[in-house]
There are 2 protein chains.
Amino acid sequence: MSTILDVARLAGVSTATVSRVINMPESVRENTRNKVLQAMEKCSYKYNSLARGFVTKRSNTIGLIIPNINNPVFAESTMGVQEHADKKNTRVILGNSYYKYSQEENLVKVLRESQIDGLIITTTNLKGNVLKNLVDEKFPFVLLFSTVKGGPFSAVGIDNYKGGYLATEHLVNLGHKRIGMVAGNFSMTDRSYHRWHGYKGCLRDSGLTYSKELLVQTDYSLSGGEASIKKLLCLPSPPTAVFCSNDYIALGALKGARDMGLTLPADLSIVGFDDMQTASYMVPALTTVHQPAYEMGRRAAEVLFQLIESPGKPLQDMMETNLIVRESTTAIPHTSSHQSRINKNQ
Amino acid sequence: MSTILDVARLAGVSTATVSRVINMPESVRENTRNKVLQAMEKCSYKYNSLARGFVTKRSNTIGLIIPNINNPVFAESTMGVQEHADKKNTRVILGNSYYKYSQEENLVKVLRESQIDGLIITTTNLKGNVLKNLVDEKFPFVLLFSTVKGGPFSAVGIDNYKGGYLATEHLVNLGHKRIGMVAGNFSMTDRSYHRWHGYKGCLRDSGLTYSKELLVQTDYSLSGGEASIKKLLCLPSPPTAVFCSNDYIALGALKGARDMGLTLPADLSIVGFDDMQTASYMVPALTTVHQPAYEMGRRAAEVLFQLIESPGKPLQDMMETNLIVRESTTAIPHTSSHQSRINKNQ
DNA sequence: TTGTACGCGTTATCAA
DNA sequence: TTGATAACGCGTACAA
């Protein structure tokens, strides 16, 4: 591996000049510049940006911590982050927390040791020491898929309460009275918790009573959605509609319901959350609350670089959500043998 | 930011001792060690692994280049890579090539400048200079989702020819005679090309004639699959079964076929490739060729570290593929009004 | 068991 | 416009 010193010697100039050719070519006379360029060619010189980072105290690398790259929504937001990072000539190190706080804690530590310039994190625990320390030390970071609209954190997210409300309202408008919810574990993320509050809020506003038995918490997995919907459907008085706290869970729920012999959406309406790319490819095409994942990732990166380049007050950006009605929801049938049909199929 | 020098001063020892406490705690007397540990605490010392990498010439970082993190199969393999990298205390920088060679070329350059210790790459172009240079310079790298079984590259992959053969054979066994294929653009990856050869090979071995019009190439997208299947179904003599070169495309195809009014699988059998997690959640559940994506990622990382730690001959590992039969394929109906049904729905 | 001193590849400061 | 050189934070011979 040749260094700028080798190049300098070969070109008969100083290392400073070589460095200038690399970083501000205009500032060196064309003649000298060409000599250097040729020398670089000759020793097949490769730039060492780690050494640079060492002196400039900028690694041109950021960290991105998400719960699970397996969830297409996080894949999309990741692409948004990457796209903007690319523009800024910055690498992104990816880590999965798997919804575990300890993992998140460790990742932050490791990433900071790697001297990342900033961090984008979809956190599992808003109140833990991880974020607190980051704030105390004025380390640049942005919450992604955030639920907070104020306070000491920079954040990009949506109004999850509103999303939950929208989803439930849609079902209420279709005439449903018994509306269940399959939620991601509240201990894993507060997004699910806020969506549940939106769900409850709408129920209240609509004069429907909230029933505890109609809530099932699960991990964020396909099989979790599948198992949870079955639980709900086996209730003595099962719901006619279910709000799932993300599309991934909803996909599992769709299958679970089918497995129990239900015809969708006639026997059961399902609403998801996220509007991941495959939502319109599901059967029935999923009615869901849209979340601009890619755009949110891009925006989070924008905010982060703003923070890095000129530290200051925390920046928050809450983006728009809206309901996308597709085929997985329908009006409740008036003369329904719904109940008996379910029991028959057990 | 405090450094080991600050810690050393505070503890009244030398920097070497602090370094020892960090890297080989056993080698320093308990008494001194504790003094150092306390000092570290007091200045809230943070380890700088960039500085370490600078002297050890190891960044403890590897690069991972995939076509597109949006495709769940690549998300899974990425998790496999991360899991092993974690064990090796190594960070992974992720980059998407978007199936573009120029992007791939640039990513490799940028990553190498970042002094990554090694690279895992799902390449778009086996014959380009990118890989050639890597080999020439003896830089540790592993091809992932590779089609090569020999030569100068370390690689982890499966037999794509066999996979294509298996998929087609299944359709032949079900009695299908007109079998189409929706393939990812051959210019984007040779995986698709090999699968197509498997398809052709099986057709030949089964005494069926290969018809050029039954092959459609597309980009790797849901909408690509959707549009392509429609092209095939609009043929004067449409296929009764179609092999899609991945599940993502197959998901699009499923929708395209439904949109044209077909009943699946009765009117059309579809086989995918990959067996991504949601394959069994599709409607109908997708028959597909299984590829152990997570395991392949893990294995690629294993191979890479072996290469890094003790350079030597290239290592290849071809993993097992097999067909998973689900519900999207069925025997061709003997008395079928298939043709007319399609035309009716146009 | 601990300390001294050098080197890693680059940028930045200052002087020429 | 160019050059000389200190500095960045750490690991590691080598010495004590």
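Lettering of chains follows the sequences in order, A, B, ..., and the numbering in each one begins at 1.
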J.: Backbone N or O of B:Tyr98 within a donor-acceptor pair of the B:Asn68 side chain at under 3.5 Å?
T.: no
J.: Taking only the side-chain nitrogens and oxygens of A:Ser19, find out if one of them lies under 4.0 Å from OP1 or OP2 of C:dT11.
T.: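 Answer yes for this pair, as a side-chain N or O of A:Ser19 is under 4.0 Å from OP1 or OP2.
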J.: Whole-Å distance between D:dC8 P and B:Lys46 NZ?
T.: 19 Å
J.: How many whole angstroms separate atom CZ of B:Arg9 from atom C1' of D:dG9?
T.: 13 Å
J.: For the pair B:Arg298 and B:Glu302, find out whether any cationic side-chain nitrogen is under 4.0 Å from an anionic carboxylate oxygen.
T.: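 Between B:Glu302 and B:Arg298 there is a salt bridge, with a charged N closer than 4.0 Å to a carboxylate O.
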J.: Would you indicate what A:Thr15 reaches in the nucleic acid, counting non-hydrogen atoms under 4.0 angstrom: base, sugar-phosphate, or nothing?
T.: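 Here A:Thr15 touches the bases of the nucleic acid.
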J.: So which of residues 20-43 of chain B are in contact with DNA chain C, with a heavy-atom cut-off of under 4.0 Å?
T.: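 Nucleic-acid contacts, sorted: B:Arg20, B:Val28, B:Arg29, B:Thr32.
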J.: Measure from CG on B:Asn48 to P on D:dC10 and round the result to the nearest Å.
T.: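 Whole-Å distance recorded here is 5 Å.
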J.: Please give me every residue in residues 53-63 of chain B whose heavy atoms get under 4.0 Å of an atom in DNA chain C, ordered by residue number.
T.: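 Contacting residues: B:Phe54, B:Val55, B:Lys57.
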J.: Would you classify A:Val13 as touching base, sugar-phosphate or nothing, given that sugar-phosphate means primed atoms plus P, OP1 and OP2, and contacts are heavy atoms under 4.0 Å?
T.: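 The residue A:Val13 makes sugar-phosphate contact but no base contact.
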J.: Taking only Lys NZ, Arg NE, NH1 and NH2, and the carboxylate oxygens of Asp or Glu, determine whether B:Lys109 and B:Glu104 approach each other closer than 4.0 Å.
T.: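 Judged by the 4.0 Å cut-off on N to carboxylate O distance, B:Lys109 and B:Glu104 do not form a salt bridge.
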J.: Only pairs under 3.5 Å count here: list side-chain donor-acceptor contacts from residues 307-315 of chain A, not counting sequence neighbours, and write none if there are none.
T.:
residue  : atom : partner  : partner atom : Å
A:Glu309 : OE2  : A:Lys88  : NZ           : 3.3
A:Ser310 : OG   : A:Gln306 : O            : 3.4

J.: Name the one of B:Ile65, B:Ile116, B:Asn133, B:Leu131 that satisfies side chain to side chain contact (heavy atoms under 4.5 Å, CB included) with B:Val108?
T.: B:Ile65
J.: Atom CZ of B:Arg52 to atom C1' of D:dC8: distance rounded to whole Å?
T.: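 Going from CZ in B:Arg52 over to C1' in D:dC8 covers 18 Å.
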J.: Any salt bridge between A:Arg299 and A:Glu295, counting N to O under 4.0 Å?
T.: no
J.: With A:Tyr220, which residues qualify under ring-ring contact (aromatic ring centres under 6.0 Å, His included), at least two apart?
T.: A:Tyr99
J.: Taking only residues two or more places apart in sequence or in another chain, which ones pass side chain to side chain contact (heavy atoms under 4.5 Å, CB included) with B:Asn125?
T.: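 Partners of B:Asn125 under the side chain to side chain contact (heavy atoms under 4.5 Å, CB included) test: B:Tyr101, B:Lys127.
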J.: Measure the distance from CD1 on B:Ile4 to C1' on C:dT2 and round it to the nearest whole Å.
T.: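 In whole Å, C:dT2 C1' and B:Ile4 CD1 are 14 Å from each other.
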J.: Who pairs with A:Ser49 by side chain to side chain contact (heavy atoms under 4.5 Å, CB included), at least two apart in sequence or on another chain?
T.: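 A:Ser49 satisfies side chain to side chain contact (heavy atoms under 4.5 Å, CB included) with A:Tyr47, A:Arg91, B:Glu113, B:Ser114 only.
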J.: D:dA6 P sits how many Å from A:Leu5 CG, rounded?
T.: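 Rounded to whole Å, this separation is 15 Å.
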J.: Which whole-number value in Å describes the distance from B:Tyr45 OH to D:dG9 C1'?
T.: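 Checked: the OH to C1' distance equals 8 Å.
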J.: Hey, is the side chain of A:Thr3 poking within less than 4.0 Å of OP1 or OP2 on C:dG9, counting only N and O atoms?
T.: no
J.: When the distance from CG of B:Leu50 to C1' of D:dC10 is rounded to whole Å, what number comes out?
T.: 11 Å
